[in-house]
Amino acid sequence: MKDRYNHHELEEKWLKKWETGDLYRVGDFGERPGFYCLEMFPYPSGKLHMGHVRNYSIGDVVARFKTMQGYDVLHPMGWDSFGLPAENAAIKHGDIHPADWTTENINTMREQLKQLGFSYDWRREVATSHPGYYKWTQWLFLQLYNRGLAYRKRAAVNWCTSCATVLANEQVVGEGVCERCKTEVEKRELEQWFFRITDYARRLLDDLNLLEGWPEKVKIMQDHWIGRSEGTLIKFPVAGSNEEIAVFTTRPDTIFGVTYMVLAPEHPLVEKLIEGKEHAGAVRSFASRVSRLGEIVRTSADTEKEGLFTGAYCINPLNGETVPVLVANYVLYEYGTGAVMGVPAHDQRDFEFARKYGLPVRLVIKPPEKELGPETMEEAYEEEGIMFNSGIFDGLTSGKGKETVTDYLQEKGLGGRRVNYRLRDWLISRQRYWGAPIPIVYCDNCGVVPVPENQLPVLLPRNVAFKPTGQSPLADCPDFLQTSCPTCGGAAKREIDTMDTFMCSSWYYYRYTSPREENKVWDKAKVNRWLPVNQYIGGVEHAVLHLLYSRFFTKVLYDLGLVEVMEPFTNLLTQGMVLKDGAKMSKSKGNVVSPEDIIKNYGADTARLFILFAAPPERDLEWSDQGVEGCYRFLNRLWRLVVPLADNLSGISDQVLAQDLTVEERQMRRLTHQTIKKITDDISDRFNFNTAVSAIMELVNGIYKYKEENGNHKPEVLKEAVKNLLLLLAPFAPFITEELWEAIGGKGSVHKQSWPVYDLEAMAEEEVEIVIQVNGRIKERIRINTEASAQEMSEYVLAQPRIQQLIKGKQIIKVIPVPGKLVNIVVK
RNA sequence: GUCGGAGUGGCGGAAUAGGCAGACGCGUACGUUUGAGGGGCGUAUGGGAGACCGUGCGGGUUCAAGUCCCGCCUCCGACACCA
């Protein structure tokens, strides 16, 4: 046994032993209950960063803890390995293929993950860029296609010039920039593949209620993203034409206040309305200017509202009034019907617009205790009130009016109830090489033809040229492009777009159950055994990306009969970022701390311990080199505590006979068992690993103190303390605990032991310190028997001489005893 | 603007159900061990000479408030003309 803690030697030793012993292998159908612990798999960008270390350290504690608690834990790892950086590297350097670049990175990062001692079952590793995986990504695409959930349409889509590809709405973030590279996104009119996620809007929203184990924050973000809105559809006939303009409104009670109608510039009706009119030219150039701007600028709140009269009029179906039809930049074609009824008196946007263009303002809702005038009001009255100026509906409240007006419209065939969602369909095609090819063929005779399942995978060709042209290399690859039609056998062309990598990551957690399955997407019995994921852990940045897409996929898979769960992830933990000097670590800021260096200088145990100790998992974590030193010191301290005792303890039982113990021995046992309880609760109820670690530190401090004061009398007490200490620390610092476990004569791996159980009797305090307050201020602390009743406490406290002194000559109003805590004496 | 989250010593953070604010760690100071460096060990460490005062600010509820209620401020994050 060495007298110095040599993390290098020790970590290397155990890595080898664990690997050859298949310590972390988990079978498909064990006898123990199953627990699926999953962390979001990484993109193999090169090397691990601290965010990864944090994510995976948290997951590893959960996995090891659950294993020790008697579960069969599925704890897999893999790679989200399609994506742009690989292709960009190829374009930039020319001599490296994305596949090779990716493989190299995977090898590096896998090695790093192993060094950190994470308990993955590596036999289950998957990589989304592997043909054995993306074959099934393509197969799933076909299942969606066959159900009518994958379709092609021409639409104005988000285009990132830097990535040279389109993006889904969820991938445009912040001020309208690309989620990946933060470049401003443009609009382009292109023909693209979409998934009908909007068909699932209702279920995605309603089932958020099933997710009791998710942070409220994430559910609120998804709720808002889906954006359900209940309202009324109303049809306004166009004057002198057979056309009609449909609008969606949540305020049908304000319909008598309509003074104009607005269409989005892209609305197809615009062209029909302006045809042959004098305004036609001006409207066309306005429309093309506005729609080119893209949603970013256009939907920004500061953008000035602009509009133009089309020359057409439409008729309010309720009062028969004729109002002008305009086009305006503030109306979005993609939302609702792409048309809005203008009610300036009761909608702030309409109000601003009307004031700017001199359109009339007509009040139709009366506020409860206020008189408004159309000329004098300075903002719209958007609250509810009593309808007036509204014909037969006068006198109704807004609430009642909404219902009554809608019923009336429905009866007359002029409209009806309608639910609208903000969510749009998921754009999944990407104009890039390094992704799963969309398994579709275009045939001059047969049109769009899906590749038959038995011809999957559609392999990515390896020999293509990577040039900075912004065009997919697949377009220049005749071997790939030219094919024959699966239906008629004639000449046909392949789809050259590849799939959004979020599609690859929407189902990987199912594949882990059957990673090498060649004949089907997965073995259903295995999926049933493990899913849903009991604990999912990852960054909150995926709140409406990966997490929404995965929920959508799961619902589709459920409908297809491929899985039996409605939701993929029962419990979700979103960890905070790792910061240095208050900012996110980044190369440009030069504040990056590399996990490699930390592992080299201090070892994996220190790295893990620090990251778990420095902050609770959901919060951001401020990196501190000194904090790392502190954790390293702690492990050294642990080493110096256990090693000298090891030989003495190794032959000794930890079964303590409760009789004949000294006060100190009872105290030691109390601390041991209290710590077991504390850590068990901290991990299982709250994920408060930071307080768990601090409790372990306290136990170490306690053992030191006990050892000094007590020599080696009753070694069972010491053995019990040390043994439990190692078991409790094992999920956090797997290497050093394994080494010390061996040293104290532990049988088998520490990681295969049962989680310790606390003994209530050993834990119980005999005396507690309670506080004596007078009028809520602390005056005295005394020790008192734990068993003392409230009555006894009060009496005992009042009998204290110092208290007698304090309350002399005063009238006791009330005495409030709180057993085990305090006694408060209220005096006057 | 709307919706979330946070604000506690010199620093990271603790206080789990309204009951001792500051656990644990870092830093700092002093002492000790050592030939020295490093490391270890020990003591102290919110402020104030003190009665006392202290959890972003101002009110409130309560015997008792970091914790509950009302009104603000600051920071971070998400969404942002959604009809």
Side-chain angles (χ1 to χ4, degrees), chain A residues 4 173-176 215-221 223-225 227-229 231-232 247-251 254 262 264 295 298-305 328-332 334-343 347-350 352-353 420-423 540-541 543-544 576-577 579 582 609-610 613-616 618-631 633-634 636-637 640 678 681-682 685-686 688 690-698 700-701 704 708 769-778 781 813-827:
Chain A
R4 242 190 83 239
V173 299
E175 307 276 288
E216 216 49 40
K217 171 169 65 163
V218 175
K219 288 191 276 185
I220 289 168
M221 283 165 75
D223 182 307
H224 184 239
W225 189 261
R228 180 187 158 92
S229 166
T232 304
V247 297
F248 172 76
T249 179
T250 53
R251 291 300 300 271
T254 65
V262 214
E295 232 163 322
R298 190 153 143 207
T299 59
S300 149
D302 335 312
T303 303
E304 177 81 19
K305 289 171 184 43
N329 60 348
Y330 75 92
V331 178
L332 304 173
E334 292 87 353
Y335 185 77
T337 61
V340 177
M341 62 183 209
V343 186
D347 181 286
Q348 187 57 24
R349 279 164 319 184
D350 296 347
E352 286 167 26
F353 189 73
N420 212 21
Y421 293 92
R422 220 178 65 107
L423 183 73
V540 73
E541 65 273 14
V544 286
M577 290 187 297
L579 309 178
L609 198 65
F610 168 73
F613 177 58
E618 294 93 338
R619 269 213 247 170
D620 288 348
L621 181 154
E622 175 67 29
W623 187 266
S624 155
D625 291 331
Q626 284 168 331
V628 176
E629 292 269 359
C631 289
R633 265 205 298 269
F634 167 75
N636 273 285
R637 192 166 144 77
R640 288 193 309 270
K678 163 91 177 140
D681 293 349
D682 276 354
D685 302 348
R686 318 196 302 158
N688 277 12
N690 54 331
T691 52
V693 173
S694 81
I696 290 167
M697 290 172 169
E698 284 178 81
V700 167
N701 293 344
Y704 261 106
E708 259 161 47
E769 190 182 74
I770 63 157
V771 159
I772 306 174
Q773 297 180 333
V774 176
N775 287 344
R777 287 169 200 224
I778 297 155
R781 290 154 203 276
I813 303 202
K814 219 197 264 187
V815 178
I816 299 138
V818 183
K821 299 252 160 78
L822 52 75
V823 176
N824 189 10
I825 305 161
V826 186
V827 298

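A, B, ... follow the sequence lines: proteins, then strands. Residue 1 opens every chain.
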Give the rounded distance in Å between these two atoms: [atom1] of [X] and [atom2] of [N].
{"X": "A:H224", "N": "B:C3", "atom1": "NE2", "atom2": "P", "answer": "11 Å"}
{"X": "A:D625", "N": "B:G27", "atom1": "CG", "atom2": "C1'", "answer": "14 Å"}
{"X": "A:E622", "N": "B:U8", "atom1": "CD", "atom2": "C1'", "answer": "17 Å"}
{"X": "A:F613", "N": "B:G13", "atom1": "CZ", "atom2": "C1'", "answer": "8 Å"}
{"X": "A:E618", "N": "B:G4", "atom1": "CD", "atom2": "P", "answer": "18 Å"}
{"X": "A:R228", "N": "B:C3", "atom1": "CZ", "atom2": "P", "answer": "21 Å"}
{"X": "A:I772", "N": "B:A64", "atom1": "CD1", "atom2": "C1'", "answer": "16 Å"}
{"X": "A:L609", "N": "B:C24", "atom1": "CG", "atom2": "P", "answer": "16 Å"}

Could you tell me which nucleotide pairs with [N] by Watson-Crick or G-U wobble geometry, both distances under 3.5 Å, or answer none if nothing does?
{"N": "B:G77", "result": "B:C3"}
{"N": "B:G71", "result": "B:C57"}
{"N": "B:A15", "result": "none"}
{"N": "B:G39", "result": "B:U33"}
{"N": "B:A64", "result": "none"}
{"N": "B:G27", "result": "B:U45"}

Think [X] has a side-chain N or O under 4.0 angstrom from the OP1 or OP2 of [N]?
{"X": "A:S229", "N": "B:A83", "value": "yes"}
{"X": "A:N701", "N": "B:G25", "value": "yes"}
{"X": "A:K814", "N": "B:C63", "value": "yes"}
{"X": "A:R777", "N": "B:G19", "value": "no"}
{"X": "A:R422", "N": "B:A80", "value": "yes"}
{"X": "A:R633", "N": "B:C26", "value": "yes"}
{"X": "A:R349", "N": "B:G1", "value": "no"}
{"X": "A:N420", "N": "B:A83", "value": "no"}
{"X": "A:R637", "N": "B:C41", "value": "yes"}

Rounded [atom1] spacing from [N] to [M] in Å:
{"N": "B:A14", "M": "B:G9", "atom1": "C1'", "value": "13 Å"}
{"N": "B:U28", "M": "B:A17", "atom1": "P", "value": "36 Å"}
{"N": "B:G47", "M": "B:G22", "atom1": "C1'", "value": "13 Å"}
{"N": "B:G59", "M": "B:G4", "atom1": "C1'", "value": "26 Å"}
{"N": "B:U2", "M": "B:G46", "atom1": "P", "value": "42 Å"}
{"N": "B:G56", "M": "B:G48", "atom1": "C1'", "value": "22 Å"}
{"N": "B:G12", "M": "B:U62", "atom1": "P", "value": "36 Å"}
{"N": "B:U67", "M": "B:A15", "atom1": "P", "value": "15 Å"}

Are any non-hydrogen side-chain atoms of [X] and [Y] less than 4.5 angstrom apart?
{"X": "A:L621", "Y": "A:F610", "answer": "yes"}
{"X": "A:V173", "Y": "A:E541", "answer": "no"}
{"X": "A:E618", "Y": "A:V540", "answer": "no"}
{"X": "A:T691", "Y": "A:K678", "answer": "yes"}
{"X": "A:T254", "Y": "A:M341", "answer": "yes"}
{"X": "A:V343", "Y": "A:R251", "answer": "no"}

How is [X] classified with respect to the nucleic acid when contacts are heavy atoms under 4.0 Å: base, sugar-phosphate, or nothing?
{"X": "A:G336", "result": "nothing"}
{"X": "A:I220", "result": "sugar-phosphate"}
{"X": "A:N690", "result": "sugar-phosphate"}
{"X": "A:D620", "result": "sugar-phosphate"}
{"X": "A:E352", "result": "nothing"}
{"X": "A:V818", "result": "base"}
{"X": "A:I778", "result": "sugar-phosphate"}

Checklist entry - Pick one for B:G9: is it syn, with its angle within 90° of 0, or anti? => result syn

From the list [options], which nucleotide is the closest neighbour of the side chain of [X]?
{"X": "A:P616", "options": "B:A14, B:C82, B:G12", "result": "B:A14"}
{"X": "A:A615", "options": "B:A23, B:G42, B:G13", "result": "B:G13"}
{"X": "A:V173", "options": "B:C79, B:C24, B:C20", "result": "B:C79"}
{"X": "A:N688", "options": "B:A15, B:C63, B:G19", "result": "B:A15"}
{"X": "A:Y335", "options": "B:C41, B:A15, B:A83", "result": "B:A83"}
{"X": "A:M697", "options": "B:G25, B:G19, B:A83", "result": "B:G25"}

Item to check | Salt-bridge criterion met for A:E216 and A:K219 (N-O under 4.0 Å) | outcome: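 Looking at A:E216 and A:K219, the cut-off is met.
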
Checklist entry - For RNA chain B, whose closest nucleotide is more 5', that of A:G820 or that of A:R619? => result A:R619

Checklist entry - Taking the nucleotide of RNA chain B with the closest heavy atom to each, which residue, A:E216 or A:K678, is nearer the 5' end? => result A:E216

Counting distance only, does the side-chain N/O of [X] pair as donor-acceptor with the main-chain N or O of [Y] below 3.5 Å?
{"X": "A:N420", "Y": "A:S229", "value": "no"}
{"X": "A:N329", "Y": "A:K305", "value": "no"}
{"X": "A:Y704", "Y": "A:R637", "value": "yes"}

